[in-house]
Amino acid sequence: MKTVKPHNRRRELCTRDASRRSTVSYPVQWHGDDSGSGPVGQTACDCVERLDMRAPRYTSYPTADRFVEAFGPEDHARYLAARALQPAVPLSLYVHIPFCSALCYYCACNKKITQDYAKAERYIEHLISELSMVDSLLSGDRRLLQLHFGGGTPTYLKSVDLQRLMNAITERFSLTSAGEYSMEIDPRTVDEEKMNVLREAGFNRLSLGVQDFDVDVQAAINRVQPASLVASVLDTGRQLGFESTNFDLIHGLPRQTLAGFARTVEEVIAMRPDRIALYNYAHLPSRFKAQRLINPQDMPSPELKQDIFCLANDLLDSAGYDYIGMDHFALPEDGLANARRTGRLHRNFQGYSTQPDCDLVAIGASSISRIGSCYSQNLKGLNEYGDRVSQNILPTQRGVELSRDDILRRAVIMAIMCQGEIDKSTFEIGYLIDFDQYFEEELQALQPLVESGYVQLEERCVRVTALGRRKALRMVGSQFDRYLQQHQSRSRFSTIL
Ligand code: SF4
């Protein structure tokens, strides 16, 4: 296989640069969960030098740790019904399938490891009941611009049950030719027949959990899946006409080495997936029980982890992948890269998206909906979730109604996360504010990031630099997070950049 040479321009971005180091104070590491349904490792933090690791990922604002139990099923029902008042807002649907047949030791997801398929069958009944309840309450446009099955392992389900679920969905919602319909795939759980069922059911995108091809790493995380298996699933997907494939990689896993992960990234590049997510593994065994099965001696040092991350960035850059933001890359011809170039990038619970802001209906245990100006999250436990649905009550556990200030700050943070800049005039016209006055403290708080070369403050624009986009995008966004900045119990510490 051809060796990809590191790209010098990006070396400059990634290599720790002593000339940029300065002593800066920031809030202590953030340990909230701002997605509830996102990929593994994406909701926690660790101690590597990237400032980004210390701020939320902002798949929502306010982040999920700000949701309150005073928001219940009646509130969620009210927002579902109110959709008719804003019929132009498109719709997105998320379905959470929590089952897996084996435990990956790095896992931080809300999942259930079981060989007892009857549990999944009961869960599907509950999902369809929840869907019916939502269906009876929801008003407004029923066209789905986005559909995503996440988990857990959605492909844990048998083909017949996946088909049944999709029938229940398409009886109530309509898929469109421009829609993005994706499923998270564990390559060990699909064959051509199951993939054909998915394609026939309307899925047009695949997201494969790859993590690392190195056999030592795979043994250490209890997830053995040869590169040939992933290649075969990818080939089958392409033959069946899936339009786009994403690979999830994770850096910072036990027994990872520079050379080993470089081989993985080169093998991935040779397969040419349309999109790549390069997640940071957060080792928090005190919080996630599965991670206690990892031998601490096998963990890479923070320095090695950072070097692995930088090398992977270099390899992807050199191979022609466009950097999208956070930990995401895409081929230049992919819709995500195009959306990034043309300022049409959006962000939701599934990460970056080409689709405009949708109302998101989420079903299943722990899933989070976003309807109008509210977020609501379902009960996390499978039994609690099932019991509530069986009583014909929406399984909402908590949520939040956004204030005008929340809505404004959400838009500002999303502009940073997606476009890497804030055009002050847009917010002044849209929200009738004087931007510099309204965000006087926040602009002052950005000063250390300006001095570090991550942000430029211009007369009518706050611009994140190329360096800042790689290293401090979340940290820039977090300066506009009222809850994080006001958190009285937070500690402060000094970091050498
Ligand atoms: S497949 Fe592995 S990482 Fe994914 S949810 Fe299941 S146990 Fe966790």
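Residue numbers start at 1 and run along the sequence shown. Counting convention: from 1, in listed order, for ligands and their atoms alike.
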With no hydrogens and no angle check, do the side chains of Asp481 and Tyr58 hold a donor and an acceptor under 3.5 Å apart?
-> yes
Gap separating the OH atom of Tyr375 from the NE2 atom of His76, nearest 0.5 angstrom | 14.0 Å
Per-atom contacts of ligand 1 with Thr153, taking only distances under 4.0 Å to non-hydrogen atoms | 1 (S), 6 (Fe)
What are the atoms of ligand 1, with element, lying closer than 4.0 Å to any heavy atom of Cys104?
-> 1 (S), 2 (Fe), 3 (S), 7 (S)
Under 4.0 Å from a heavy atom of Arg223: give me the atoms of ligand 1 that qualify, with their elements.
-> 1 (S), 2 (Fe)
From OG1 (Thr155) to CG (Asp186), nearest 0.5 Å | 5.5 Å
Heavy-atom distances under 4.0 Å are what count here, so tell me which part of Cys100 touches ligand 1: side chain, backbone, both or neither.
-> side chain
Check each atom of ligand 1 against the heavy atoms of Ala102 and keep those under 4.0 Å away; list them by number with element.
-> 7 (S)
Spatial distance of atom CG (Asp212) from atom CD1 (Ile221) [nearest 0.5 Å] = 7.0 Å
For atom 2 (Fe) of ligand 1, does an N/O/S atom of Cys107 lie at less than 2.8 Å?
-> no
To the nearest 0.5 Å, how far apart are CG in Leu147 and OG in Ser92?
-> 7.5 Å
Can you list the atoms of ligand 1 that are under 4.0 Å from a heavy atom of Tyr106?
-> 3 (S)
Quick one: CG on Leu206 to CG on Leu208, what's the gap to the nearest 0.5 Å?
-> 6.0 Å
